[in-house]
Structures are given as structure tokens and as C-alpha cells.
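By convention in this document, chain letters (A, B, ...) are assigned in the order of the sequence lines, proteins followed by strands, and residues within each chain are numbered from 1.
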Number of protein chains: 2
Amino acid sequence: MLQQATSLDLAFQALADPVRRAMVERLSRGPATVSELARPLTMSLSAIGQHLRVLETSGLVRSEKVGRLRTCWIDPAGLLVTGRWIIARQASVERDLERLGEHLAAPTDPWRDP
Amino acid sequence: MLQQATSLDLAFQALADPVRRAMVERLSRGPATVSELARPLTMSLSAIGQHLRVLETSGLVRSEKVGRLRTCWIDPAGLLVTGRWIIARQASVERDLERLGEHLAAPTDPWRDP
DNA sequence: AAAATACTTTAGTCATGACTTGACCATCTC
DNA sequence: GAGATGGTCAAGTCATGACTAAAGTATTTT
């Protein structure tokens with residue numbers, strides 16, 4: 001089914017993993033190196049590198065290597081696309097519930113006994 | 001690593017799949033039966049049933065069967081937990097950028113040449 | 001009662017994901 | 001320049017995910 005992952009796919013897939021969410025949580029408090037990201041997580045540095053790559057290709061995180069340290073930070077635009085999708089659904093649900101409310105409040109049902 | 005999936009895990013994992021997001025999009029415009037959900041998606045009814053189960057255990061969707069029709073609808077509380085997580089990260093990032101801004105704006109650096 | 005509808009279940013396949021290990025390569029530090 | 005530090009690459013393993021196909025169940029229609 002998945003023939004061409006959209007940026008929304010990549011972002012939600014990236015956030016689906018608790019380790020990657022932990023990394024995003026850490027980075028949302030400020031930039032960090034790969035080792036700093038790895039420190040609280042019981043996992044090889046290699047694994048963290050792989051998670052980081054997922055986060056980068058999803059657009060949620062960016063990074064740059066200077067010397068032997070790679071510094072990572074959040075790209076706010078990445079969070080924005082996922083946030084917008086959720087908010088749009090919430091708005092849609094609210095509108096739907098509103099319509100339902102109006103319907104129940106209506107004194108007569110125009111569809112019945114025309 | 002994943003020993004006990006939290007509700008946040010389940011919700012993000014559920015939204016990571018484009019088919020399931022399409023189902024949520026449909027349901028956010030109002031309730032629907034399983035067949036109605038399946039109609040626009042080129043996939044067996046069985047597959048849709050399986051996606052539905054994922055959405056239900058994640059807390060994003062609820063459903064009830066009456067007669068031979070199962071009607072599904074969004075549980076707004078489900079969208080809320082994911083939305084809150086994202087908004088919290090965005091807020092955190094903004095605070096961080098603000099701190100950075102203050103730092104750059106400061107006329108002198110108290111850490112240098114004490 | 002037979003046929004159609006609307007799922008549901010089970011079992012199996014195939015692809016993808018999340019790691020680990022070990023070798024490797026720069027770049028600092030001494 | 002030797003050793004430690006910080007990261008990267010390439011395999012390989014093991015579990016999970018996304019389906020399908022086929023058979024089964026419960027309801028509704030005719």
C-alpha cells in the first residue's frame with residue numbers, strides 16, 4: 001500500500017517509536033550531540049545513529065557535524081505538519097458534533113412524514 | 001525496548017499508517033460503518049477490520065455493533081493525547097529558541113572573562 | 001427457506017523495523 | 001604518534017506489521 005511515503009507518513013512513523021520520541025523530547029529542550037542523546041537510553045550508539053537518521057529524513061530533526069561531534073536540533077517545521085494534521089481532525093470532529101447537536105435540538109425532523 | 005506500550009505509543013503507531021489516517025479523516029467528518037470505511041480504500045474488508053482494531057485499541061476510535069452493522073466514530077480524547085504531546089514539544093522548542101535569543105541579545109557574556 | 005449482506009476469524013506470506021556486533025575512520029588529547 | 005573519544009558502515013538476527021485468501025457466523029431481505 002505504501003508506495004511513496006509522504007512527509008506526514010514519515011513524521012508520524014518517526015514519532016511512533018518511544019525511543020525517538022524521547023530523543024525529540026530531549027532536543028526540544030535544546031541541541032545535543034549524538035552521545036548526549038544516547039546517554040539516558042540503554043542502547044548502542046549505532047542504534048541511536050539509526051534512529052537519528054529516521055528523525056532527520058522525517059524532517060523533525062536536523063544536524064551538523066563539526067570536528068568529531070554531530071550536533072542535533074529540532075526543526076520546528078517538522079512538528080508543525082503533524083500538529084496541524086491533528087488539529088484539523090479535532091476541528092472536524094467538533095464541527096461534526098455541533099451538527100449532531102443542532103439535529104437533536106431541532107423541534108421536528110423534516111425527513112420523517114413529508 | 002518496547003516492553004509495555006503506553007497510550008501515546010499506541011496512538012502514534014496507529015496514526016503512522018496512511019490507511020488508518022484516511023479512516024480517521026473519514027470518521028472525523030462523522031460516524032461510518034466498516035464497509036463505508038472500506039469503500040474508498042482498495043483493500044479487503046478483513047484488512048480494514050484489522051486496521052480498525054488497531055485504531056480502537058489505541059483509543060482513537062470507538063465502535064458498536066448493532067444488527068450486522070458496526071458503526072465507528074472518533075473518540076476525541078484519543079486525538080487529544082497526541083495533540084497535547086506535540087503542542088508541549090512545540091512550546092518547549094519555542095522557550096529554547098527564546099533563551100537563545102536572549103543570549104545573543106545580551107550585551108556581554110557573563111561566562112567569558114569573569 | 002434461500003440468498004445476500006456485513007462482518008469476523010484463522011492461518012499463512014512477505015516486507016519492514018529495531019536492534020547487535022564488529023570493523024572502520026576521523027579528530028582531539030597527552 | 002599512541003590512545004582515547006565520537007561517530008559511521010555493513011551484516012546479520014529476530015520480532016512485528018500489513019496484508020490476502022478462505023472459511024465461518026450472524027443478520028436481513030426476498
Side-chain angles (χ1 to χ4, degrees), chain A residues 1-27 31-73, chain B residues 1-27 31-73:
Chain A
M1 193 86 234
L2 233 182
Q3 46 203 45
Q4 178 191 3
T6 71
S7 78
L8 210 51
D9 281 322
L10 293 175
F12 274 116
Q13 271 161 21
L15 292 176
D17 188 285
V19 172
R20 286 192 293 262
R21 280 207 311 283
M23 290 168 73
V24 168
E25 252 169 277
R26 169 60 191 72
L27 290 176
T33 67
V34 178
S35 296
E36 281 167 354
L37 286 176
R39 192 121 41 222
L41 302 166
T42 59
M43 190 174 299
S44 74
L45 200 61
S46 179
I48 297 297
Q50 291 170 45
H51 279 302
L52 178 59
R53 227 157 65 100
V54 173
L55 288 169
E56 285 208 61
T57 65
S58 79
L60 287 163
V61 168
R62 297 190 58 193
S63 79
E64 196 183 358
K65 190 165 183 173
V66 40
R68 58 181 172 176
L69 280 75
R70 176 173 295 275
T71 305
C72 317
W73 62 91
Chain B
M1 193 87 232
L2 235 181
Q3 47 200 45
Q4 177 191 2
T6 72
S7 76
L8 210 51
D9 282 322
L10 294 175
F12 274 116
Q13 270 160 22
L15 293 176
D17 188 284
V19 173
R20 286 193 293 263
R21 278 207 313 283
M23 292 169 72
V24 167
E25 251 169 278
R26 169 60 192 74
L27 291 176
T33 67
V34 178
S35 296
E36 283 168 352
L37 285 175
R39 193 121 40 222
L41 302 167
T42 59
M43 191 174 298
S44 74
L45 200 60
S46 179
I48 298 297
Q50 291 169 44
H51 279 303
L52 178 60
R53 227 159 64 98
V54 173
L55 287 169
E56 284 208 63
T57 64
S58 80
L60 286 164
V61 168
R62 296 190 58 191
S63 79
E64 195 183 359
K65 190 166 186 173
V66 38
R68 59 180 170 174
L69 280 74
R70 176 174 295 275
T71 305
C72 316
W73 63 90

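- The nucleotide whose nearest atom lies closest to any side-chain atom of B:Val34 is, among C:dC28, D:dT28, C:dC7, C:dC7.
- No hydrogens or angles were tested; on distance alone, a donor-acceptor pair under 3.5 Å links the side chain of B:Ser46 to the base of D:dA21.
- To the nearest 0.5 Å, atoms CG (A:Leu10) and CG (A:Leu15) are separated by 11.0 Å.
- Under the 4.5 Å side-chain criterion, counting only non-hydrogen atoms from C-beta, A:His51 is not in contact with A:Leu37.
- Here A:Thr33 does not reach the OP1 or OP2 of D:dG6: none of its side-chain N or O atoms lies under 4.0 Å away.
- Atom-to-atom, CZ of A:Arg68 to C1' of D:dG6 comes out at 6 Å; the value is rounded to the nearest Å.
- Taking 4.0 angstrom as the limit, A:Arg20 places a side-chain polar atom (N or O) nearer than this to OP1 or OP2 of C:dA18.
- Within the 4.0 Å cut-off from OP1 or OP2 of C:dG17, not a single side-chain nitrogen or oxygen of A:His51 is found.
- Per the geometry, CG belonging to B:Leu69 stands 15 Å off C1' belonging to D:dT25, to the nearest Å.
- B:Leu10 places its CG atom 14 Å from the C1' atom of D:dG17, with the value rounded to the nearest Å.
- Rounding to the nearest 0.5 Å places OG of B:Ser35 at 7.0 Å from CG of B:Leu69.
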* Asked: Going through the distances and angles, do B:Thr6 and A:Arg21 end up as a side chain to side chain contact (heavy atoms under 4.5 Å, CB included)?
  -> CA-CA 12 Å; B:Thr6 72; A:Arg21 280 207 311 283; 4.2 Å; yes
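- Taking for each of A:Thr71 and B:Asp17 the nucleotide of DNA chain D with the nearest heavy atom, the 5'-most of the two is the partner of A:Thr71.
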* Just do the side chain to side chain contact (heavy atoms under 4.5 Å, CB included) check on B:Leu60 and B:Arg20 with the steps written out, would you? => CA-CA 10 Å; B:Leu60 286 164; B:Arg20 286 193 293 263; over 6 Å; no
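- Nucleic acid contact for B:Gly49: none, since no nucleic acid atom lies under 4.0 Å from a heavy atom of the residue.
- Proximity note for A:Val19 (side chain, C-beta onward) versus C:dC19, D:dC19, D:dG6: the nearest is C:dC19.
- Protein atom CZ of B:Arg39 is 12 Å distant from nucleotide atom P of C:dT5, rounded to whole Å.
- The CG atom of A:Asp9 sits 15 Å away from the C1' atom of D:dG17 (whole-angstrom rounding).
- Counting non-hydrogen atoms of neighbouring residues, nucleotides and ligands closer than 6.0 angstrom, the CZ atom of B:Arg62 reaches no more than 12 such neighbours.
- Using a 4.5 Å heavy-atom cutoff, the side chains of B:Ser58 and B:Gln13 are not in contact.
- When the C1' atom of D:dC19 is taken as reference, atom CD1 of B:Ile48 falls 11 Å away, rounded to whole Å.
- For the segment residues 52-66 of chain A, the set of residues with a heavy atom within less than 4.0 Å of an atom of DNA chain D comprises A:Lys65, in numerical order.
- When rounded to the nearest whole Å, the span between CG of B:Leu15 and P of D:dA18 equals 12 Å.
- Between B:Cys72 atom SG and B:Glu36 atom CD the span is 9.0 Å, to the nearest 0.5 Å.
- Distances shown here put a side-chain N or O of A:Arg70 below 4.0 Å from the OP1 or OP2 atom of D:dT8.
- The base of C:dT20 is paired with the side chain of A:Gln50 by a donor and an acceptor separated by under 3.5 Å.
- B:Ser44 comes within 4.0 angstrom of a base, heavy atoms only.
- Between B:Leu45 atom CG and C:dT10 atom P the separation is 17 Å, expressed in whole Å.
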